[in-house]
Amino acid sequence: MRIGEVARRAGVSVRALRYYEEQDLLRAERSSGGQRRYPDSAVDRVQLIQQLYAAGLPSGSVREVLRSVYAGAVEPGLLDRLESERARITTRITELLAARDRLDGVIATTRNPPPACARGRASEGPARSAAHG
């Protein structure tokens with residue numbers, strides 16, 4: 001599969017694929033004309049790379065995870081680091097959910113202000129209300 005097709009199917013840029021190669025996260029064979037050719041499995045691999053980066057793992061950790069996933073064996077010490085990363089991600093998810101809940105509250109209050117707030121705005125007049133809105 002050519003680089004453009006992998007990029008399109010995986011939802012990433014061609015530049016990202018080149019970066020993954022530089023970081024030794026992805027490998028391509030070269031045609032006689034020098035064009036990159038990827039196996040069909042490259043799309044799944046790129047999607048895993050994207051997920052690991054989105055989770056906040058650095059390139060070195062991503063490289064170790066990929067080696068373990070595709071070799072079927074975990075390198076010494078990696079499991080502890082992965083469990084630590086998982087705990088960090090779980091904490092971050094909890095924080096993001098709390099932030100989302102707070103935003104939901106602000107949105108709900110803004111869309112449907114309590115009667116006391118609506119009366120307070122009405123007494124401020126149009127110019128004052130626009131400045132606060």
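If you read the sequence from its start, that first residue is 1, and numbering goes on from there. On a predicted model such as this, the values are computed, not experimentally measured, just so you know.
Atom CG of L48 sits about 11.5 Å away from atom OH of Y53, to the nearest 0.5 Å. Distance check: E85 CD to T90 OG1 gives 11.0 Å after rounding to the nearest 0.5 Å. Considering CD1 of I89 and OG1 of T94, their distance stands at 12.0 Å, rounded to 0.5 Å. Atom-to-atom distance recorded for Y20:OH and Q50:CD is 3.0 Å, nearest 0.5 angstrom. Taking CG of L57 as the reference point, atom CG of L52 lies at 5.5 Å (rounded to 0.5 Å). Atoms CZ and CD1, from R8 and I3 in turn, are 14.0 Å apart once rounded to the nearest 0.5 Å.
The two atoms that bring P39 and M1 nearest to each other are O-CE, 4.1 Å, heavy atoms only. Residues A10 and V46 share a closest heavy-atom pair of CB-CG1, 3.6 Å. Of all the heavy atoms in V6 and A42, the pair that sits closest is CG1-CB, 4.3 Å.
A donor atom on one side chain and an acceptor atom on the other are not found under 3.5 Å apart for S13 and Y19.
For the pair R86 and E83, the salt-bridge criterion is not met [side-chain N within less than 4.0 Å of a carboxylate O]. E29 has no carboxylate O lying under 4.0 Å from a charged side-chain N of R36, or vice versa, which leaves the two without a salt bridge. Contact check on E21 versus R18 returns no salt bridge, with no Lys/Arg side-chain nitrogen under 4.0 Å from an Asp/Glu carboxylate oxygen.
Using a 4.5 Å heavy-atom cutoff, the side chains of Y38 and V43 are not in contact. At least one side-chain heavy atom of R2 sits under 4.5 Å from a side-chain heavy atom of R37.
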For this session: Output, in order, the C-alpha distance, side-chain angles, deciding distance and verdict of salt bridge (charged side-chain N to carboxylate O under 4.0 Å, His left out) for E5 and R9.
Result: CA-CA 6 Å; E5 185 176 354; R9 289 178 57 189; 3.6 Å; yes
For this session: Begin with the C-alpha distance, continue with both residues' side-chain angles, and end with the deciding distance and a verdict on salt bridge (charged side-chain N to carboxylate O under 4.0 Å, His left out) for R92 and E95.
Result: CA-CA 5 Å; R92 187 68 181 128; E95 292 168 350; 3.4 Å; yes
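No option in R45, Q47, Q51 other than R45 meets the side chain to side chain contact (heavy atoms under 4.5 Å, CB included) test with I49.
Within the 3.5 Å criterion, the main-chain N or O of D80 finds no donor-acceptor partner in the side chain of S84. Counting only distance, with no hydrogens or angles, the side chain of S68 and the backbone of A73 share a donor-acceptor pair below 3.5 Å. When atom types are taken as modelled, the side chain of T109 and the backbone of P113 share no donor-acceptor pair closer than 3.5 angstrom.
Residue R102 places its CZ atom among 12 or fewer non-hydrogen atoms of other residues, nucleotides or ligands, all under 6.0 Å distant.
Applying the side chain to side chain contact (heavy atoms under 4.5 Å, CB included) criterion to D104, with sequence neighbours excluded, gives R100, D101.
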